[in-house]
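Note sheet for the following structure.
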Amino acid sequence: MIVLSDIKLGNKILVTSALPYVNNVPHLGNLIGSVLSADAFARFMRINGKEVLFVLGTDEHGTTTEVRAMEEGLTPKELVDKYFVIHKNIYDWFETSYDCLGRTSSEANAKITIDIFNDLYKNGFIIENTITQLYSEKSKKFLSDRFVEGECPFCHALGARGDQCDSCGKLLEPNELINPVSKIDGTKPILKETKHLYIDLPKIEPDLMKWYNTTKSKWSNVAVGITEHWLKQGLKERCITRDLEWGIKVPLEGWDNKVFYSWFDAPIGYIGITIESIGDEWKNWWMNQDVTLYQFMGKDNVPFHAIMFPAFLIGTKKDYKLVNYLASTDYLNYEDKKFSKSKNIGVFGNDAKETGICADVWRYYLFRVRPETGDTQFVWDDFGSKVNNELVGNFGNFINRVVSLDEKFFELKKPKGSKKELIESVKPLIEEYKNLFTEARIRDALIKANEISALGNKYLQDKQPWITIKTDEALAAATIAECIDFSKLLAVIYYPFVPKGSEKIWQMLGEKENIVNVGINGAFSGVREETKLTKVGILFEKLEQKSIEEFKQKFSGERK
RNA sequence: AGCGGGGUAGGGCAGCCUGGAGUGCCCGUCGGGCUCAUAACCCGAAGGUCGGUGGUUCAAAUCCACUCCCCGCUACCA
């Protein structure tokens, strides 16, 4: 079936990955949902001839950071500095090709957040409310958010947090809880008056709806589902300030003991990080309607990107770029369980490196089971079988066959006579591959790449150059030449998934020009005749059953 | 209870939004081919009343209604 895409792309593609919360090590589920997906997508758009800006960073404000810092005996600043390095190392190890990497706690982000706030304020979308809030007399501070636990007023589940009941998913205000208890000191908090700022979402809603209705058709199913669930319930004013110290100070007189709620400055962080990285150029991306904006995230992040962030920007009445394609994923579970830091279940970003399995292989499997249409599982046996059969057996082996044949019969020189019939025949599949990527269906695009690669193996099998070499050398030469050209195309289409492997092939083919500059279109031109190939060894190692068993044990959480 | 995900060949999945012959992917089983290749590659076969009932339709795995099961979460976690 031909996959059609109705997405019209401009020449500039802006890509964001949800900003991982800084005070924890991200696990494979976090990575595939946001960072890696955004990376494969950004890489694809580059080889597709687009100008790309890929924005990545860390979300550093909020209550959790304060609590965590307290636990580790650090200041919030020290804590986020420490974890930022950990995050950066993980992204780098996974070959993340970000153009901008930054932090929501930067100066630049504080400035743009305040700018946006001032616009909202000026346009009458900010409301001041005095509310009675829970206050701990023992700790002498207001208890916002997750500092308080109690019974949910809607579903009456116990252990609901102050900002949200995980039981029924409803968003709460902390003072709505029944029988609240302070999580800091265990005391029963008292009610005390405090004032807060709210964003008037109902007032913005009409414009938001207008925009949403023109955009949603391009979003992932889960994103549309979640967004409409929210809209159906009707938007309410939403508090955007907190009684905390760690955060961006509210720029109004008499408000200097309040900071913005981290969910206010976190999405704005995409812009802040861009400014932090490329300065004034940021306007070419975030205030340019010719840009196409793709945002990648896990499904839990959808409301903030589909409703909150667009509402903030619409409320400024300025020409900010709103998301075109909201690419959200479901969850990747671990061997039928959930990833859990405290139970030590699952593979976390820093563990991946220590397995000795290379980043490409991790990337391959994660993209292969990317949760595009429902939750999926990371299963070690499946990891082994998909890597060994698909990545190694199909793609890696094809490349290896070609080099070996060429070495054996033509001393590693590319022979003459490629008819480009294989590469031509595959053009419709390449179009499908491109369309899938354009719709952010990364897993399906990878499956399509595998399909294309398998045709290479079939071609070799059908043409049997190792036999025809004995009777018709020109024919064998043409076959191998054809396969060398095909390798070039494969290197390009696999580049979003396994960049290191692709670059190895590139080196093998003696290509001088950068793989991104050549791109998909350029790859059809093939390899110059007489080119001397360079042997680069095996592209991807197989996973041994024995090590799979070991890893299964090691990450099951049962060992200690 | 609430929220979320799911029930498609022996196992694991995609296909469902946008209805058009059960179409496909990985493993497994059986048979064959090939021997260039990382015990890899290629071809073929067996194996499915697409959880159930009812409806809409010329046509339903796909849309609608009802129903039966399974799983996850509700303690940091996406």
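We use all heavy atoms of the structure for the numbers below, so side chains are in, but hydrogens, waters and symmetry mates are not. Lettering follows sequence order; numbering is per chain, from 1.
- For the pair A:Glu550 and A:Lys554, the salt-bridge criterion is not met [side-chain N within less than 4.0 Å of a carboxylate O].
- As judged by a 4.0 angstrom heavy-atom cut-off over every strand, A:Lys542 is placed among the base-contacting residues.
- Two rings, from A:Tyr365 and A:Phe378, have their centers less than 6.0 Å apart.
- Remark: aromatic rings of A:His61 and A:Tyr21 are distant, center separation not under 6.0 Å.
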- request: Starting at the 5' end of nucleotides 24-30 of chain B, put B wherever the base has a protein heavy atom under 4.0 Å, S where only the sugar-phosphate does, and a dash everywhere else.
  value: -SSS---
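- Across the interface with RNA chain B, nearest-nucleotide mapping of A:Asn394 and A:Leu460 shows A:Leu460 to be the residue nearer the 5′ end.
- RNA chain B is contacted by both A:Asp462 and A:Gly29; A:Asp462 maps to the nucleotide lying nearer its 5′ end (nearest heavy atom per residue).
- In the set B:rU38, B:rA78, B:rC13, B:rA78 carries the atom at the smallest distance from any side-chain atom of A:Asp300.
- For an aromatic pair to be called close, the ring centres must be under 6.0 Å apart, and A:His87 with A:Tyr91 satisfies this.
- Taking the side chain of A:Arg443 as heavy atoms from C-beta on, and the options B:rC42, B:rG5, B:rG15, the nearest nucleotide is B:rG15.
- Closest to the A:Gln461 side chain, of the nucleotides B:rG4, B:rG33, B:rC77, is B:rG33.
- For A:Ala454, counting side-chain heavy atoms from C-beta on, the closest listed nucleotide (B:rC42, B:rU38, B:rU35) is B:rC42.
- Nucleic acid contact class of A:Phe540 (heavy atoms, under 4.0 Å, all strands): base.
- Taking atom OH of residue A:Tyr459 and atom C1' of nucleotide B:rA37, one finds them 18 Å apart after rounding to whole Å.
- In this structure, A:Phe497 has its ring center under 6.0 Å from that of A:Phe437.
- Look at A:Asn397 and you won't find any side-chain N or O under 4.0 angstrom from OP1 or OP2 of B:rC41.
- Ranking B:rC43, B:rA37, B:rG15 by closeness to the A:Arg401 side chain, first place goes to B:rA37.
- Inspection of the A:Thr104 and A:Glu60 side chains reveals no N or O donor paired with an N or O acceptor under 3.5 Å.
- Comparing atom distances between the A:Lys299 side chain and each of B:rA78, B:rG5, B:rC34 picks out B:rG5 as nearest.
- In this structure, A:Gln464 does not reach the B:rC41 phosphate: none of its side-chain N or O atoms is under 4.0 Å from OP1 or OP2.
- Residue contacts for A:Ile480: at a heavy-atom cut-off of 4.0 Å it reaches no nucleic acid atom on any strand shown.
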